[in-house]
Trainee: 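The structure is given below, and queries will be raised subsequently.
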Amino acid sequence: MTMIYKSEAGGRELLDHYRQVLDAWPVPAEHVRVPTREGETFVLASGPQDAPPLVLLHGSGANTSMWREDIAAWSQHFRTYAVDLVGEPGLSAPSRPALDSDAVALWLDDVLEGLGITNAAFVGMSLGGWTALDYAIRCPERVTRLALMCPGGVGRQKVGWIFKALLTRPFRRGGLRESAMAVAGLDGEKDRQALDAVVLTFTHFNPRREKLPVFPDDALRGLPMPVLVIVGDRDAMFDSHQTARRVRECISHSTVNLLPEVGHAVFGQAEPIAEFLRA
């Protein structure tokens, strides 16, 4: 635990808070633990068991709790599998497979095998968007549709790592909160709940620091499935305009939504994504 948390006590506090969120999950859910080559992976499954599968991959410094506002809409029509990425502040193993290799895709392959999923639609945000895109490029036959919010690996990464700025002013009063607002694009009043969660997380959590590998044009051109990309035009972490341009140029069967006055944290997209997934 201490590999990814600053202290044992801090890690316990974060996971206790996460379990409270899971206890209040807005729809009936099954807690599944899948053995993988990277260690045990936690998956929260919701929706009808005979519905089409939908895999949800959260961002860095997060866990499946980030989907709690969206899950009611998606689980009406899909069997949703919200996966806690390994090495992040959730209930999966603390291992961190190398991003510049096929290790992440092999881990995700193990997760799908363990869940009995042959192919599925994917929704990914930020690091989860990079993970879904990496998997779709390596295993296109297993991905039916791909919905990405502020994905890494397409537009230029503006900071050394996804939440690097959260670590720059932790000792000044309110510094961590100010950094969270600036980096994620969160409003101190409107997004208070999300902001509180980010501050709690990065008080105790050590994020990955390496830059995300960028996917070449040829890899993007080879994607056969429908792709939806949603980005904010004020993303402080990734060049969202470059992301939008590269997706439009390289993936002819893509839809790109560039949201005005929106930062890295993209909220309120459950219905547009549901419409795309059900098309």
Side-chain angles (χ1 to χ4, degrees), residues 1-6 8 10-47 53-71 74-75 78-99 103-117 120-135 147-152 162-163 194 197-198 200-202 204-208 212 265:
M1 179 180 285
T2 53
M3 183 178 75
I4 66 172
Y5 297 107
K6 297 174 185 177
E8 291 281 351
R12 285 194 298 270
E13 181 181 352
L14 270 181
L15 295 183
D16 286 346
H17 179 266
Y18 180 32
R19 291 187 178 97
Q20 292 174 19
V21 174
L22 293 177
D23 288 342
W25 201 243
V27 298
E30 178 184 356
H31 294 195
V32 183
R33 297 184 181 274
V34 181
T36 77
R37 70 193 69 202
E38 296 292 340
E40 192 172 75
T41 297
F42 175 77
V43 181
L44 192 65
S46 305
L54 173 61
V55 177
L56 310 177
L57 302 174
H58 61 76
S60 174
N63 48 48
T64 67
S65 66
M66 71 168 295
W67 307 116
R68 62 183 176 271
E69 301 299 326
D70 308 305
I71 198 67
W74 296 340
S75 62
F78 296 92
R79 177 66 170 174
T80 61
Y81 297 93
V83 180
D84 271 354
L85 272 63
V86 290
E88 298 297 327
L91 298 178
S92 292
S95 58
R96 287 177 168 169
L99 299 175
V104 176
L106 290 172
W107 159 76
L108 191 50
D109 225 21
D110 289 347
V111 174
L112 297 191
E113 292 287 350
L115 295 170
I117 297 174
F122 282 73
V123 175
M125 175 178 281
S126 195
L127 174 62
W130 180 93
T131 302
L133 191 50
D134 176 70
Y135 192 70
L148 309 171
M149 290 181 283
C150 55
I162 194 168
F163 277 112
V198 171
L200 175 64
T201 296
F202 286 93
H204 301 298
F205 176 68
N206 291 314
R208 298 184 74 144
L212 291 173

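If you're wondering where the values come from, they're calculated on a predicted model, not measured in any experiment. Below, all heavy atoms of this structure are taken into account, side chains as well, without hydrogens, waters or symmetry copies.
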Trainee: How far apart are the closest heavy atoms of A29 and S46, and which atoms are they?
Mentor: CB-OG, 3.5 Å
Trainee: In Å and rounded to the nearest 0.5 Å, what is the CG to CG distance from D134 to L108?
Mentor: 9.0 Å
Trainee: Start with the C-alpha gap between N63 and L91, add the side-chain angles, then the distance that decides, and say whether side chain to side chain contact (heavy atoms under 4.5 Å, CB included) holds.
Mentor: CA-CA 8 Å; N63 48 48; L91 298 178; over 6 Å; no
Trainee: Check whether S92 reaches the backbone of F42 with its side chain - one donor and one acceptor, N or O, closer than 3.5 Å.
Mentor: yes
Trainee: Y81 pairs by side-chain contact (heavy atoms from CB on, under 4.5 Å) with which of V43, V34, V32?
Mentor: V43
Trainee: What's the verdict on side chain to side chain contact (heavy atoms under 4.5 Å, CB included) for L57 and W130, showing C-alpha distance, side-chain angles and the deciding distance?
Mentor: CA-CA 9 Å; L57 302 174; W130 180 93; over 6 Å; no
Trainee: Which heavy atom of W25 sits nearest to which heavy atom of T64, and what is that distance?
Mentor: CH2-O, 3.3 Å
Trainee: Specify the closest pair of heavy atoms between A132 and L148, including all atoms of both residues, with the distance to one decimal.
Mentor: CB-CD2, 4.1 Å
Trainee: Starting at NE2 of H17, measure out to OG1 of T201 and round the result to the nearest 0.5 Å.
Mentor: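 With rounding to 0.5 Å, NE2 (H17) is 8.0 Å from OG1 (T201).
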Trainee: Is a donor on one side and an acceptor on the other found under 3.5 Å between the side chain of R79 and the backbone of G47?
Mentor: yes
Trainee: Is it the case that E88 and H58 place a side-chain donor and acceptor less than 3.5 Å from each other?
Mentor: no
Trainee: Measuring only between side-chain heavy atoms, which start at C-beta, is D70 closer than 4.5 Å to V123?
Mentor: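 With C-beta onward as the side chain, the pair stays apart.
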Trainee: Starting at CZ of F205, measure out to OG of S60 and round the result to the nearest 0.5 Å.
Mentor: 5.5 Å
Trainee: Looking only at non-hydrogen atoms, find the nearest pair between V55 and A120 and report the distance.
Mentor: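 Between these two residues, the closest heavy atoms are CG2-CB, 4.0 Å.
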Trainee: Cut-off 3.5 Å, side chains only: do W107 and S95 have a donor facing an acceptor?
Mentor: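 Distance-only check fails for W107 and S95.
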Trainee: Minimum heavy-atom separation for P89 to A62, with atom names?
Mentor: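 Scanning both residues completely, I find the closest heavy atoms to be CD-O, 3.5 Å.
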Trainee: What is the distance from atom CE of M66 to atom CE of M149, rounded to the nearest 0.5 Å?
Mentor: 5.5 Å
Trainee: Does the plane of the ring in Y135 sit parallel, tilted or perpendicular to the ring in F122? Use 30° and 60° as the thresholds.
Mentor: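 Tilted: the ring planes of Y135 and F122 meet at 30° to 60°.
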Trainee: Where is the tightest heavy-atom contact between L44 and L22, given as atom of each residue plus distance?
Mentor: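 Shortest heavy-atom separation between L44 and L22 comes out as CD2-CD2, 3.8 Å.
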Trainee: Can you tell me how the ring of W67 sits relative to the ring of W74, calling it parallel under 30°, perpendicular over 60° and tilted otherwise?
Mentor: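 If you compare the ring of W67 with that of W74, the planes turn out tilted.
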Trainee: State the CZ-CD distance between R96 and E38, to the nearest 0.5 angstrom.
Mentor: 12.0 Å
Trainee: Kindly compute the distance separating CE (M125) from CG (L56), expressed to the nearest 0.5 Å.
Mentor: 11.0 Å
